[in-house]
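In each ligand, atom 1 is the first atom listed, and ligand 1 is the first ligand listed. Fair warning: this is a prediction, and the values are worked out from it, not measured in the lab.
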Amino acid sequence: MQIHKRPPSSLIFIFGGSGDLNLRKLSPALYNLFLDDWMPKKFDIVGIGRSAYTNEKYRERLLDGIRKFSRRKEEANGEWEKFSQHVSYLQMDAEDADAYSAISDVVKEKETQYGEHPNVIFYLAVAPQLVPDIASKLGPLNICADTKCTRIVVEKPFGHDLESARELNALLSSMFDENQIFRIDHYLGKETVQNILALRFANALFEPIWNRNYIEHVQITASETVGSENRGAFYENSGALRDMVQNHILQLICMIGMEAPVSFEANEIRNKKVDVLNAIRKIKTTEVQDYAVRGQYSEGWMQGAKVPGYRQEKNVDPGSGVETFAAVKFYIDNWRWQDVPFYIRTGKRMNAKSTIVNIQFRPAPNYAFPPEAADTWRPNRLTISIQPEMDIRLRFQAKRPGQNLVLSPVDMVFNYDEAYEEHEPEAYETLLLDVMEGNATLFMRADQVEAAWKIIMPIQEAWQGRQPVDFPNYAPNSWGPEDAEALIARDGFNWITLPQINGD
Ligand code: BG6
């Protein structure tokens with residue numbers, strides 16, 4: 001969250017240049033930044049990959065991606081000719097250390113052409129196991145010693161567990177300064193996620209009640225309707241806990257739970273988030289069953305079509321014990337949140353694609369009202385819809401019109417589309433602009449990543465140590481396994497079902 005300026009000249013190398021992430025996300029984002037006049041006056045994008053492409057063929061492939069995946073598909077042709085002049089392809093075997101001199105050559109060539117030294121950005125849009133090798137081959141290049149202008153962008157998953165994350169951090173920090181390393185968690189680039197800070201800290205209304213005295217519990221749901229798709233091989237080594245909870249969901253908890261920052265300076269925001277992560281209660285391995293539930297989808301039906309179970313997906317072990325659903329109850333042990341449960345759930349092949357945060361306030365005393373009036377009494381609730389709906393709604397009680405005193409809950413709604421004409425940028429647009437500007441506020445610092453792994457590890461270890469006996473345990477198009485209902489019901493609550501209905 002900052003006032004953006006046009007970034008200085010930038011030269012962006014994308015490892016995995018012909019890969020899915022570049023096609024679906026990075027190129028459309030860079031092109032949208034260009035259409036919105038945010039790209040530097042002088043810039044170049046060099047896709048790096050093993051396959052053979054001429055520049056022309058490579059550009060065609062990217063344009064194809066933009067036509068399919070950009071938020072502005074229809075404008076694909078608008079400025080494409082101009083933009084694509086800045087795009088080229090470098091065929092290179094990233095495992096061959098000698099090949100990296102080609103990168104230095106491009107930098108020199110562009111320096112001469114621009115008449116100045118540009119930012120040099122290495123975006124590692126590659127499979128996680130390739131990251132250490134590429135980073136260690138980039139490190140020795142002279143340009144990487146330039147701590148001001150050279151940056152490396154690393155996608156999640158950042159490590160596979162605490163130990164591998166530490167190793168990766170150690171490796172990267174032996175070659176790059178922390179301020180050169182941009183660890184992406186794309187949730188932080190989402191407009192609605194950034195707005196959580198605006199909602200909390202730009203309004204006088206919420207902060208006084210944003211604590212254990214007024215908030216009963218918090219719920220976060222990040223559900224998806226898709227299955228493992230063609231990512232079976234990746235997902236087999238990941239699972240819902242690593243794929244969604246360790247990063248995206250813990251980040252959402254940080255945004256909801258953090259103390260007010262004294263500035264929006266990158267390290268200040270990140271310090272406040274690390275405080276939340278450090279305060280999250282570490283679940284003992286022996287107690288995991290009281291705090292966490294895992295699930296895996298069976299075969300079944302989604303919107304009238306038969307879909308395979310996880311174990312029948314491509315590149316998945318037919319006896320796989322990998323979880324495609326996780327629900328966890330977290331506690332943040334500090335003055336603000338002590339004893340307020342944060343329930344989170346996430347899964348594939350669920351009933352709806354939706355990311356939503358519910359802040360449930362404690363019930364108001366209703367003794368003064370006649371019992372009939374209070375029948376439909378509901379506590380206040382603040383619902384922050386992150387996606388696909390983008391709105392914030394506050395539920396409160398109102399008197400129904402009529403001679404009788406009957407109360408019923410109503411919602412006060414702020415909807416992005418209704419309130420603003422501007423279209424929100426995609427997360428990757430925001431994050432790429434930040435990288436070019438050198439602003440790391442929305443990126444994960446090394447200690448944040450490690451703190452997040454520390455929270456997840458006991459659950460991971462308990463689950464790995466005990467193979468699930470009931471998998472698959474939820475049907476497609478459902479809200480996950482029954483045990484997830486029990487997890488929250490034990491505390492006297494229930495998952496707030498989506499989509500939101502007034503008074504539900
Ligand atoms: C990614 C996960 O980080 O986030 C995917 O690897 C998941 O498995 C995706 O589908 C969800 O992102 P979004 O923005 O669609 O909620």
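L252 pairs with exactly one of N247, V193, I344, V218 by the side-chain contact (heavy atoms from CB on, under 4.5 Å) rule, that one being V193.
Look at R231 and D20 and you find no salt bridge, because none of the NZ, NE, NH1 or NH2 atoms lies under 4.0 Å from a carboxylate O. Comment: R50 engages E95 in a salt bridge, judged by a side-chain N to carboxylate O separation of less than 4.0 angstrom.
Residues T192 and I384 fail the side-chain proximity criterion, which asks for heavy atoms closer than 4.5 Å.
With a 6.0 Å radius and a threshold of 12 heavy atoms from other residues, nucleotides or ligands, Q467 has its CD atom above the threshold. E163 CD: 12 or fewer foreign heavy atoms inside a 6.0 Å radius.
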Under 3.5 Å: N or O atoms of ligand 1 paired with protein N or O:
unit_1   : atom_1 : unit_2 : atom_2 : d
ligand 1 : 3 (O)  : K156   : NZ     : 2.8
ligand 1 : 3 (O)  : H248   : NE2    : 2.7
ligand 1 : 4 (O)  : H248   : NE2    : 3.4
ligand 1 : 6 (O)  : K156   : NZ     : 3.1
ligand 1 : 6 (O)  : R231   : NH2    : 2.9
ligand 1 : 6 (O)  : D243   : OD1    : 2.6
ligand 1 : 6 (O)  : D243   : OD2    : 3.4
ligand 1 : 8 (O)  : R231   : NH1    : 2.8
ligand 1 : 8 (O)  : D243   : OD2    : 2.6
ligand 1 : 8 (O)  : K348   : NZ     : 2.7
ligand 1 : 10 (O) : E224   : OE1    : 2.5
ligand 1 : 10 (O) : E224   : OE2    : 3.2
ligand 1 : 10 (O) : K348   : NZ     : 3.2
ligand 1 : 12 (O) : H186   : NE2    : 3.2
ligand 1 : 14 (O) : H186   : NE2    : 2.8
ligand 1 : 14 (O) : K190   : NZ     : 2.5
ligand 1 : 15 (O) : K353   : NZ     : 2.6
ligand 1 : 16 (O) : Y187   : OH     : 2.7
ligand 1 : 16 (O) : K353   : NZ     : 3.3
ligand 1 : 16 (O) : Q387   : NE2    : 2.6

